[in-house]
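All heavy atoms count here, side chains included; hydrogens, waters and symmetry mates do not.
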Amino acid sequence: MGSEPPGEDLLVLPPIPLATGRLLRDDDDRPVPITAVELVVVTEDGAEHRIPLVARHGAWWPPDR
């Protein structure tokens, strides 16, 4: 790690749904509507990068580039 040339082996999200559904159950087992889903990537230096997913056709998709 760290020896790769810049631009090599970049993270690419596939053009398929990464999750489905619009509800999550809370601690009392009640359904709660989901308003946002994010993919969190933590790099070697401890930085967090958040990639918000997009709700389309009943699923959560990677963002368009």
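Cluster membership check: Val37 shares its hydrophobic cluster with Leu18, using side-chain heavy-atom separations under 4.5 Å among Ile, Leu, Val, Met, Phe, Trp and Tyr. The hydrophobic cluster containing Ile34 also contains Leu53, counting ILVMFWY residues as joined when their side-chain heavy atoms lie under 4.5 angstrom apart, directly or transitively.
In this structure, the side chains of Leu13 and Ile51 come closer than 4.5 Å at one or more pairs of heavy atoms. Side-chain contact between Arg56 and Asp64 is present, with heavy atoms from C-beta onward closer than 4.5 Å. Using a 4.5 Å heavy-atom threshold, the side chains of Pro31 and Leu24 count as separate.
The backbone N or O of Ala47 sits less than 3.5 Å from a side-chain atom of Asp45, completing a donor-acceptor pair.
Counting heavy-atom neighbours within 6.0 Å of Asp27 CG, excluding the residue itself, gives a total of 12 or less.
Residues Pro62 and Pro14 share a closest heavy-atom pair of CG-O, 2.9 Å. Taking each heavy atom of Trp60 and Gly21 in turn, the nearest pair found is NE1-O, 2.9 Å.
Atom CG in Leu11 sits 10.5 Å away from atom NE2 in His49 (nearest 0.5 Å).
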Item to complete: Would you please test Val32 and Arg25 for side-chain contact (heavy atoms from CB on, under 4.5 Å) and show each step?
Response: CA-CA 6 Å; Val32 179; Arg25 297 229 177 247; over 6 Å; no
